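Have a look at the structure below before the remarks.
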There are 6 protein chains.
Amino acid sequence: MTTQAQLGALRRLGAATVHEAQGGTGAMDSAIKPLDPTMVLAGPALTVDTRPSDNLAIHRAMTVARPGDVLVVDAKGFTEAGPWGDVLTVYAQQVGLAGLVIDGSVRDSRAIVELGFPVFSRGVCIKGTAKNQPGAVGRPITCAGVAVHPGDVVLGDADGVVVVPAAELDRVLAAAEERERKEERFRAALRDGESLLDLLNLRDRLTDKGNE
Amino acid sequence: MTTQAQLGALRRLGAATVHEAQGGTGAMDSAIKPLDPTMVLAGPALTVDTRPSDNLAIHRAMTVARPGDVLVVDAKGFTEAGPWGDVLTVYAQQVGLAGLVIDGSVRDSRAIVELGFPVFSRGVCIKGTAKNQPGAVGRPITCAGVAVHPGDVVLGDADGVVVVPAAELDRVLAAAEERERKEERFRAALRDGESLLDLLNLRDRLTDKGNE
Amino acid sequence: MTTQAQLGALRRLGAATVHEAQGGTGAMDSAIKPLDPTMVLAGPALTVDTRPSDNLAIHRAMTVARPGDVLVVDAKGFTEAGPWGDVLTVYAQQVGLAGLVIDGSVRDSRAIVELGFPVFSRGVCIKGTAKNQPGAVGRPITCAGVAVHPGDVVLGDADGVVVVPAAELDRVLAAAEERERKEERFRAALRDGESLLDLLNLRDRLTDKGNE
Amino acid sequence: MTTQAQLGALRRLGAATVHEAQGGTGAMDSAIKPLDPTMVLAGPALTVDTRPSDNLAIHRAMTVARPGDVLVVDAKGFTEAGPWGDVLTVYAQQVGLAGLVIDGSVRDSRAIVELGFPVFSRGVCIKGTAKNQPGAVGRPITCAGVAVHPGDVVLGDADGVVVVPAAELDRVLAAAEERERKEERFRAALRDGESLLDLLNLRDRLTDKGNE
Amino acid sequence: MTTQAQLGALRRLGAATVHEAQGGTGAMDSAIKPLDPTMVLAGPALTVDTRPSDNLAIHRAMTVARPGDVLVVDAKGFTEAGPWGDVLTVYAQQVGLAGLVIDGSVRDSRAIVELGFPVFSRGVCIKGTAKNQPGAVGRPITCAGVAVHPGDVVLGDADGVVVVPAAELDRVLAAAEERERKEERFRAALRDGESLLDLLNLRDRLTDKGNE
Amino acid sequence: MTTQAQLGALRRLGAATVHEAQGGTGAMDSAIKPLDPTMVLAGPALTVDTRPSDNLAIHRAMTVARPGDVLVVDAKGFTEAGPWGDVLTVYAQQVGLAGLVIDGSVRDSRAIVELGFPVFSRGVCIKGTAKNQPGAVGRPITCAGVAVHPGDVVLGDADGVVVVPAAELDRVLAAAEERERKEERFRAALRDGESLLDLLNLRDRLTDKGNE
């Protein structure tokens, strides 16, 4: 089980640092962005595999969603349909979902922002969807270039989205805290006038390589 | 003639709802977006067909534009030129245009936002245009994937742009109001704890389809 | 040497006007945009040629950067890596750089905006980079479709980025001021009810061309 | 009714010439290309509107298709699914269809080429489709940027696809023949050493415009 | 161990059929295509994770490659560099590799086609690469949207590329043979004049759905 | 002056090798490809700067073209118009042009291939152009990401296009011949069973870097 402390730490550390901390894996395609740059999202993934231009599988997912879940929807990268809008957002907030990540578009973007529900998508589109395709819920998917298993922890902020396998979370968090402390030391040292080259031990490497 | 009441209703209902209400037709490509997410635009289309990287046809259109018109410009999806800038914006406001939709780019984006003139475009680009291509004004065009006839009613907001044939406007508005009332009932019911599945009568469909 | 007065004039005139004033040359691809639309950047280019997904050459550039320089980085248009983040931003501010233009992505976008450092990029991405590729600093490059020589003057604002050869700066500034004065006259005349067609002497041309 | 003579003339004249002859309208997006550059297709359109990743509407269309029809399918530009393959091709040949134009992908591309059935698509993809979306057959659609009405005449060759309204066909064919004769005269004159500038009467225009 | 009989069956069945037979999973992005449409490739994956514009990891992979392996290289979708050319092709043929799949570009395309070595790539590019990035060999990767584990079986033909987990191969092959037999029966029945609607039992579904 | 021997050497060495030999510079965007993979083109550039969807500048260029010239046209990357077709091809052959490189589309692709005239473009499109924009001939341009000066030597083959400054040609040719000899030695050695790692002296580097 992911704890609130873990999720709080993830939100504080940010997607870029967590991605580095787990060895540069788990980052979704950079086209997946929040509707508003202040949005931050963290929670375990409830995976949805849907054909583009249909949202029946999303409705199915709502029947098994638990408070705190992040809906992660592979809508196949199709941006010319919005399988999610304000009604689903209101429902998701009643259910207690932590947010939505979708490789596709959404609509009612301003209403969603006003409702304060974190949504990360590839686009915004007014075109609606049907409710005819079975789809699948709670199965491993690939979403925006990343393999996502149900229960993987998802973190999104203005920079993008990263996925951390649940079993790796403690290790990754520790590494991310360490990295954050190091970067904070760097920023402080830089403000004190130190050189980034020295902090990163890059002088030898620059000498070796020369100017190409 | 489109009335102010009709245009007010369109602006209030929003592009996504109006698009649904006319049966899922008339939506432009989702890449056409407002310069600022607060922009809303509604009015009858004055159509312009222009070759990319030239704006003589836009100037021709200004000679026949009437207050309240929305200029709808097919610039062929070319984003590396901005046939519209702050001077045309000032002129358009003098003429009383309701706004601009262009399948191309514009420039002077911040000035346009400050002037409060609604502009929906595929991009923003500093590259200017020439004034050499005849083009055509007031003829049927296809703009961002939608057939637009002069006088069709155009509605744009943060989610995108939809086009409604003038003869369909009353019917579409009635359907949109109905849809909006239904969605408002849904949102209220959801806040009272009802299930979206019941509201949408999706339980049988989910059972029939099963998890794929 | 570029003077503060020249740079101030550039910032005031804006990228679109300066681009026109130098004959429609020097504009980068319109996909290069500021992290925040209020960002404005002007200064002489310190050029960096780097392979994608590596930032060693950027670190090399920092060793020769002078206050007021704009780092112009050809990262080959690759958006799935962010060779620049908050630590480099803090360092750049210590060094006194005027800003960054990169044909690639950056990360820590919100921190960069809060630090007030102007960054113009093709994207934002959490994926980090290595420090293994030599790259080249201070050599002529092509960045986002424009040939850039070290010392060329770079100007960026909400509309995009334009590059002016240092030797052309005085001539271009004069032409841009002239153009700005003309446009201001146009805007004033339009507000007084004059026709843009008359101001631009387009009536004959429209008659000659006819409606296509 | 379109006659065999008309269709033969279209095939001989080619898509580029016919497009010019009808005033530069009716050309689909240039990404719609034949599976093999030797493919040529001409016939009246049987229109299909389908959601991406589903081909039930295509099956419905087969129930009303008549020999000589060209299936024109708006699959919404989605290339990551192939709603058409070898089985449908064999069936289409039994029915006597003249070919397929689809704003989407197909699969079994080599088998289709070997069967000699003209297919114009945006891509080739192994991903299959479901059979759950109603779709619509025989209604006006917009396909790859062109408004297509049932019965419009479709012409495709290595260069691309053009759509001619049935009522315009005679006029367009006459203009295309005239254009083809003129171009043939030009080619012959060029081979005799004449200048293209004289043939096109461009000398004055070049003088007027000067080198920019 | 994958047998020659299994690989022969895969090649005969084709990527589209195998993809369907394993439930519509494992298909790479449709932009990954063979250099020549006659190329067919089947074999176990030797996975390579490399930063774009560098091929040191590919050289490392050659040190552990076994005859029959298919090199599967995630070059991050970057098409403006070709980490593979004719020298590596000659070497690969000496080693006995079955082919290459790369989410990136290659060069020396005509020489590769003449050498008869199957290569599936996202593009062709003359720009060379460096040999400085460590990369990783024999680890799980995501390549062109598909999770690939070392030893997964890769099948590519003119339609695209599909990946089958080794443990699933027998089951998938059986399902693919069954599917192929069914499609062959369909094609034969269609040639005998039967209706595809009857063969697929779609009549009720079409009646239920109606024309949208 | 470029000699026939030099051009013959370029054609034999190929674009990828020449690009490497001049230090990895001068390669156009990889989307610029020949209409037919057997096409090879070499000659001095006659540069053309044209707005998209217009070909008057191309006609102007024909008035100054000399036998052996390669027309290099910056049509701004716009693919939805074809400013070049079969008539211009016949004329170009009368004039003796060596070929065309265009950052844009062409039409009459099959006729051009049959005429045997080398054309490298970003696309093929039936949409015609106007003859109204002045454009510029014989001035420095940036075409598909590369700065091109009049007289620079252009080489294109199935892999892409590279541009060599005339003053660099001898040096680049010598380096390319050297590189080709080395690669031929490599290919021979590989066929004799040697390891590519030894030939490239990569063993130490692989050991140093380890598997990431």
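None of the values given here were measured: they were computed from a predicted structure. We name chains A, B, ... by the order of the sequence lines, and we start the count at 1 in each one.
At a heavy-atom separation below 4.5 angstrom, chain C is approached by Lys76(E), Phe78(E) within residues 70-93 of chain E.
Taking a 6.0 Å sphere around CZ of Arg171(C), one finds it holds more than 12 heavy atoms contributed by other residues, nucleotides or ligands. Residue Arg66(E) qualifies as open at atom CZ: its count of foreign heavy atoms under 6.0 Å is 12 or below.
Considering CZ of Arg51(E) and CZ of Arg51(C), their distance stands at 14.0 Å, rounded to 0.5 Å.
When side chains are defined from C-beta on, Asn132(C) counts as touching Pro134(E), because their heavy atoms get closer than 4.5 Å.
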